[in-house]
Amino acid sequence: MNASDYGDDFFSQAEQTADLLAGLNPQQRRAAEILDGPLMILAGPGSGKTRVITHRVANMIHNGIRADQIVALTFTNKAAEELKNRIATLVPGSYVWAGTFHRFCSRLLRQYAPLVGLSENFSILDMDDVSRLLANAWAVADIADEFVSRNAVQSEISRAKNAIVTAEEYQGRAGNAVGKVTQQVYPIYQRMLLECNSVDFDDLLMWTAIILQQNEELRQSLDQRFAYIMVDEYQDTNLAQYAIVRSLSNDLPNLAITGDPDQSIYGWRGASIQNILGFEQDYPAVEVVRLEQNYRSTKAILSIADHLISNNKQRKAKKLISDSDQGDPVRSMVFPSPQEEADFIARDVSQLIADGIWEPKDIAIFYRANWLSRNLEHAFNGLGIPFQLVNGFEFYQRKEVKDLIAYLRLLNNPRNDLALERVINSPSRKIGKVTLDRLKASASGKRISLLEACRICGLDGSLPARSATSVARFVSEIDRLSELQTNSIQEYLQSVLQVTHYRAVLVAEDTEQAIERIANVDELISAAREFDNQHPEDGGLQAYLETAALVSDTDKLVDGDLSLKMMTMHAAKGLEFPCVYIVGLEEGILPHERSRESAAQIEEERRLFFVGITRAERQLTLCRCEGRMKRGQFWVSPPSSFLMELPSDELDIYDRKRGSKQIADSYNNDFSVGEDWIDSECGGATISIDDHSSLSKPSPKSSSFDVQALDATDVELDENQRDRSPKNFAKPTVPKPKGKLGSIVPKITTAAAMFGIGSKKGPAGAGDGSSEFRSGMMVEHPEYGPGKITSLSGAGAKEMATVQFYSVGEKKFRVKFSTLKPLG
DNA sequence: TATTCGCAAGTTTTT
DNA sequence: CTTGCGAATA
């Protein structure tokens with residue numbers, strides 16, 4: 001049914017629709033008008049995708065489609081919340097189900113759990129439980145291979161499940177050690193999961209897909225029931241999700257997907273970019289709408305993004321069009337160490353805030369991995385800038401929070417042995433490893449749950465009397481708690497605290513840590529109260545536990561939170577901020593060390609960077625360090641190869657002058673960079689600062705300023721700032737290289753070595769003459785710094801290399817006589 | 001037999 | 001720099 005089906009109320013309907021869609025551009029409008037049949041919306045970053053989806057849903061409802069026939073599957077709960085709210089604003093009183101795939105599957109699976117051997121009160125294990133259970137399975141399987149890591153097997157199992165390969169079906173590839181071990185462990189692990197009536201994250205998808213595959217009648221009825229399905233971020237769906245969506249959109253193929261292949265960043269989790277690239281083959285009748293108009297970023301930012309992503313081969317060419325102004329050029333900065341990087345950003349940010357340019361909430365900092373936030377936290381704390389870390393598990397990862405939730409899980413699902421294991425001795429009941437092992441042995445011998453084993457341990461002599469008494473006390477506490485009849489989570493938690501004396505024990509401890517834990521317990525309780533308020537009817541233990549299990553980082557972002565945000569680029573997907581900093585743009589971090597194996601992985605890293613860049617609305621600063629501490633030592637980091645793919649003439653480059661005598665000498669001596677800075681007067685050092693223009697015509701004449709170490713932009717931005725923040729005068733926290741650093745980092749003789757890359761061979765061309773260069777290779781030039789070989793031609797003495805430099809753009813060299821060095 | 005202390009090893013991204 | 005495991009001690 002759509003607007004062209006003239007009904008009695010045609011006029012009013014048409015008017016309403018016109019009204020509703022009035023604010024959309026032609027493409028957006030078209031997408032919102034197609035209600036039936038398969039639809040693919042290719043939406044570039046900032047193209048108003050959410051706006052289109054919400055208006056489309058509103059349009060559906062205006063056209064008489066029942067809200068309960070519509071399902072919107074999103075990637076995060078936050079995205080789902082936003083959809084729901086905005087739809088509710090457009091169509092007051094409507095209720096459209098929106099949620100993550102995992103939540104949707106969890107809901108379905110609860111209804112049909114017996115079909116796969118579960119009961120409806122199954123638990124969803126967190127990552128911690130999963131690795132403990134896997135360790136158990138590992139022990140049972142008695143794995144002898146010490147070269148295969150548990151992590152490798154864990155992700156192999158995960159990959160199998162994402163591809164709907166069950167434990168029975170799984171076959172490791174011949175000659176693959178991980179596969180071989182997985183084949184042994186996976187079935188045991190899976191059996192254990194069933195025994196404790198639990199699923200892991202991947203099971204939610206896999207079981208749902210299997211149920212739909214194996215029960216045609218059920219599939220048909222669900223296909224009818226969910227007549228209209230929308231999938232957001234389709235480029236990040238994996239095979240299991242794909243199978244689920246297809247099963248539910250077969251008889252009624254009213255399936256709308258939105259996505260952007262350039263933002264596919266979950267390949268490592270089994271997402272298949274093929275799902276979106278092949279959508280047109282799946283549904284030949286598909287209507288394709290492209291949203292290419294960007295409403296978010298300045299031209300300067302978009303151009304950077306565009307240059308970067310055009311280096312990917314596996315993509316559908318797409319332009320980002322913008323009507324916005326040019327905006328400030330994107331800054332590219334380099335710092336000696338992460339401490340200085342963080343210091344600079346903290347001061348830069350406080351300046352922006354002091355000048356009233358941005359508020360803290362307008363600013364975000366992105367990085368590749370969570371640990372990269374440490375120095376930033378430090379620096380921000382030092383300047384008293386409010387920030388929020390958006391790595392959301394953190395709270396649920398805390399021991400006390402996990403303990404309390406584990407109690408609830410055990411109450412909800414008495415067969416959850418992992419939850420029992422977690423709580424049986426916290427607070428301490430003097431039940432240790434030996435006792436627990438005996439209980440486990442008893443349980444597996446009798447094929448009963450751990451709780452049952454606990455219950456009978458006093459009778460069957462499986463434990464000495466003293467331990468049995470402790471265990472009996474534990475059982476009676478659990479029994480008392482299970483008698484509780486309430487829907488209020490707050491009440492549940494408080495009962496747990498009371499019956500187990502959990503809080504009393506903490507209070508008695510009276511240490512700083514205990515006080516913090518009590519605070520966390522209180523926070524959990526107020527969160528529970530909040531949950532109780534929001535779910536007066538449909539709540540209950542199970543709903544709460546499900547929520548607790550399926551929260552994600554970004555879900556914790558509250559509208560109206562005024563602090564600055566720090567998060568990974570993965571977490572940043574779907575968000576936008578006026579002012580963005582991306583840190584740690586170094587080879588090995590972005591692209592990540594472990595992505596270097598394949599071109600496909602490198603492309604995914606590039607897309608990740610693309611996602612990061614395109615979050616920025618007005619200002620973007622790209623930062624990297626020349627080195628960082630690793631396992632107690634200072635390691636030099638080369639710049640990310642991605643930086644060299646950006647148009648240097650469009651960037652504002654703040655860089656240490658290459659080839660500057662002083663700097664080069666200090667490198668040459670003993671790699672005593674840190675010493676140099678620390679020893680200089682008031683922590684200062686001689687750094688030369690060059691903007692791009694002087695960099696591009698390198699002259700030996702150095703334009704040095706005596707400025708504080710790393711404080712490159714003080715000169716540029718604000719001379720007074722140093723006076724305002726006393727911290728600036730503190731010694732820079734450059735790690736002081738200790739002892740025999742020189743023996744670890746090779747003697748520095750070339751610019752390549754400056755970046756810490758081994759210079760085992762002599763200068764290129766002076767050696768054996770055979771070329772060690774290949775196209776695409778990272779290289780280093782003493783004068784121009786790092787670069788990337790874009791092409792090679794000729795051979796022998798005539799071999800020419802074209803190199804794209806980060807600093808000065810493209811240069812050509814006779815390979816044989818050049819001073820180019822391989823990098824990496 | 002539980003707890004505590006010390007040493008060693010290991011660090012992507014997330015539902 | 002943190003977590004996890006193993007040995008020593010109470």
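As a basis for the values below, the full set of heavy atoms in this structure was taken, side chains included, without hydrogen atoms, waters or symmetry mates. Just so it is clear, the model here is predicted, and its values are computed rather than measured. All chains are named by letter (A, B, ...) in the order of the sequence lines, taking the proteins before the strands, and each is independently numbered beginning at 1.
- In this structure, A/A549 and A/G432 both approach DNA chain B, and ranking their closest nucleotides by distance from the 5' end singles out A/G432.
- Atom CG of A/L439 is separated from atom P of B/dA2 by 11 Å (rounded to the nearest Å).
- Picking from B/dA2, B/dT15, B/dT3 the nucleotide with the shortest atom distance to the side chain of A/S428 gives B/dT3.
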Between N or O atoms, less than 3.5 Å apart, protein on one side and nucleotides 5-12 of chain B on the other: list the pairs.
{"from": "B/dT12", "atom 1": "O4'", "to": "A/H592", "atom 2": "NE2", "distance (Å)": "3.3"}
{"from": "B/dT12", "atom 1": "O2", "to": "A/R368", "atom 2": "NH1", "distance (Å)": "3.0"}
{"from": "B/dT12", "atom 1": "O2", "to": "A/R368", "atom 2": "NH2", "distance (Å)": "2.0"}

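- Distances from the side chain of A/V434 to the nucleotides B/dT13, B/dT15, B/dA2 place B/dA2 closest.
- Nearest to the side chain of A/T568, among B/dT13, B/dT15, B/dT1, sits B/dT13.
- Ring pair A/F75/A/Y266 is tilted by interplanar angle, where 30° to 60° counts as tilted.
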Without placing hydrogens or testing angles, list every side-chain donor-acceptor pair under 3.5 Å for residues 132-144 of chain A, not counting sequence neighbours.
{"from": "A/R132", "atom 1": "NH1", "to": "A/D129", "atom 2": "OD1", "distance (Å)": "3.0"}
{"from": "A/R132", "atom 1": "NH2", "to": "A/L418", "atom 2": "O", "distance (Å)": "2.9"}

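- The pair A/E605-A/R368 meets the salt-bridge criterion, since a charged nitrogen lies less than 4.0 angstrom from a carboxylate oxygen.
- Of all nucleotides listed (B/dT15, B/dT1, B/dT14), B/dT15 comes nearest to the side chain of A/H102.
- If you check every strand for non-hydrogen atoms under 4.0 Å, A/I431 touches sugar and phosphate atoms only.
- Looking at heavy-atom distances under 4.0 Å, A/Y266 makes contact with sugar-phosphate atoms alone, never a base.
- OP1 or OP2 of B/dT15 has not a single side-chain nitrogen or oxygen of A/T76 nearer than 4.0 Å.
- Classification of the A/F201-A/H102 ring pair by plane angle, with boundaries at 30° and 60°, yields perpendicular.
- A gap of 24 Å separates the C1' atoms of B/dT12 and C/dC5, to the nearest Å.
- A/R438 comes within contact range of the sugar-phosphate backbone alone, with a heavy-atom separation under 4.0 Å but no base atom that close.
- At least one side-chain heavy atom of A/L450 sits under 4.5 Å from a side-chain heavy atom of A/L439.
- Side-chain contact check for A/L108 versus A/F104: some heavy-atom pair is nearer than 4.5 Å.
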